[in-house]
Colleague: 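I have a structure I would like to understand better, so I am pasting it below and will then ask my questions one at a time.
Side chains are part of it too, since the values below use all heavy atoms of this structure and drop only hydrogens, waters and symmetry mates.
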Amino acid sequence: CILAIGSDTCASIQYFIDNDCAAVATAPSEIAERLSELQDTPALLGIYAEKAWQSGKAHHERSVMQENLLADLKNAIGE
């Protein structure tokens with residue numbers, strides 16, 4: 001499980017929010033709230049861990065990234 005702390009204007013924090021794959025605190029006052037939620041609902045640890053794994057596979061697996069790069073390059077040259 002990931003506890004991401006930072007401004008929602010930061011791309012990495014927004015990534016976690018958009019993909020719902022981490023407990024996110026975007027203000028100092030939210031840190032204790034997120035930790036309490038994780039403590040009170042232990043199942044969230046597994047849920048966020050699985051979502052993070054799936055998000056990583058979907059967006060960062062080598063073959064996916066290579067396919068996306070190739071598609072972008074072909075698009076750039078007009079194929």
Colleague: Cut-off 3.5 Å, side chains only: do Glu33 and Ser29 have a donor facing an acceptor?
Modeller: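 No, because no side-chain N or O of Glu33 sits under 3.5 Å from a partner of the opposite role on Ser29.
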
Colleague: Nearest 0.5 Å, please: how far is CD1 in Ile31 from CD1 in Ile5?
Modeller: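 Here the rounded value is 4.0 Å.
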
Colleague: Can you see which heavy atom on Ile13 is nearest to which on Asp8, and at what distance?
Modeller: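 Result for this residue pair: CG2-CA, 4.1 Å.
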
Colleague: At their closest point, which heavy atom of Cys1 faces which heavy atom of Ala49, and how far apart are they?
Modeller: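 Looks like N-CB, 4.0 Å.
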
Colleague: Is there a side-chain contact between Phe16 and Ser55, using heavy atoms and a 4.5 Å cut-off?
Modeller: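 Of all side-chain heavy-atom pairs linking Ser55 with Phe16, none is under 4.5 Å.
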
Colleague: Answer yes or no: is there a side-chain heavy-atom contact under 4.5 Å between Gln66 and Leu70?
Modeller: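 Answer no - side chains too far apart.
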
Colleague: So which atom in His59 and which in Met65 form the shortest heavy-atom distance, rounded to 0.1 Å?
Modeller: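 Residues His59 and Met65, closest heavy atoms: O-CG, 3.8 Å.
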
Colleague: Measure across Ser7 and Thr9 and return the closest heavy-atom pair with its distance rounded to 0.1 Å.
Modeller: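 So the two residues come closest at OG-OG1, 2.7 Å.
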
Colleague: Same cluster or not: Val24 versus Leu38, using hydrophobic residues (I, L, V, M, F, W, Y) connected whenever any side-chain heavy atoms lie under 4.5 Å apart?
Modeller: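 No, it is not one cluster - the side chains of Val24 and Leu38 are not joined through contacts under 4.5 Å.
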
Colleague: Does a side-chain heavy-atom distance below 4.5 Å link Thr41 with Ile47?
Modeller: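 Side chain of Thr41 against side chain of Ile47, heavy atoms only: no contact under 4.5 Å found.
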
Colleague: Can you tell me how far apart CD1 (Ile77) and CG (Asp72) are? Round to the nearest 0.5 Å.
Modeller: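 If I round to the nearest 0.5 Å, the distance is 11.5 Å.
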
Colleague: Answer yes if Leu45 and Tyr48 sit in the same cluster of Ile, Leu, Val, Met, Phe, Trp and Tyr residues linked by side chain heavy atoms under 4.5 Å apart, and no otherwise.
Modeller: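 Yes; Tyr48 is reachable from Leu45 via cluster members.
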
Colleague: Mind checking the CG-CG spacing from Asn75 to Asn68? Nearest 0.5 Å is all I need.
Modeller: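 Result: 12.0 Å between the selected atoms.
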
Colleague: Could you measure the distance from the CD1 atom of Ile2 to the NZ atom of Lys51? Nearest 0.5 Å is fine.
Modeller: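 Those atoms lie 12.5 Å apart.
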
Colleague: Hey, what do you get for NZ (Lys57) to OG (Ser63), rounding to the nearest 0.5 Å?
Modeller: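 The distance works out to 10.0 Å.
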
Colleague: Can you tell me how far CD of Gln54 sits from CG of Asn19, rounded to the nearest 0.5 angstrom?
Modeller: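 CD of Gln54 is found 11.5 Å from CG of Asn19.
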
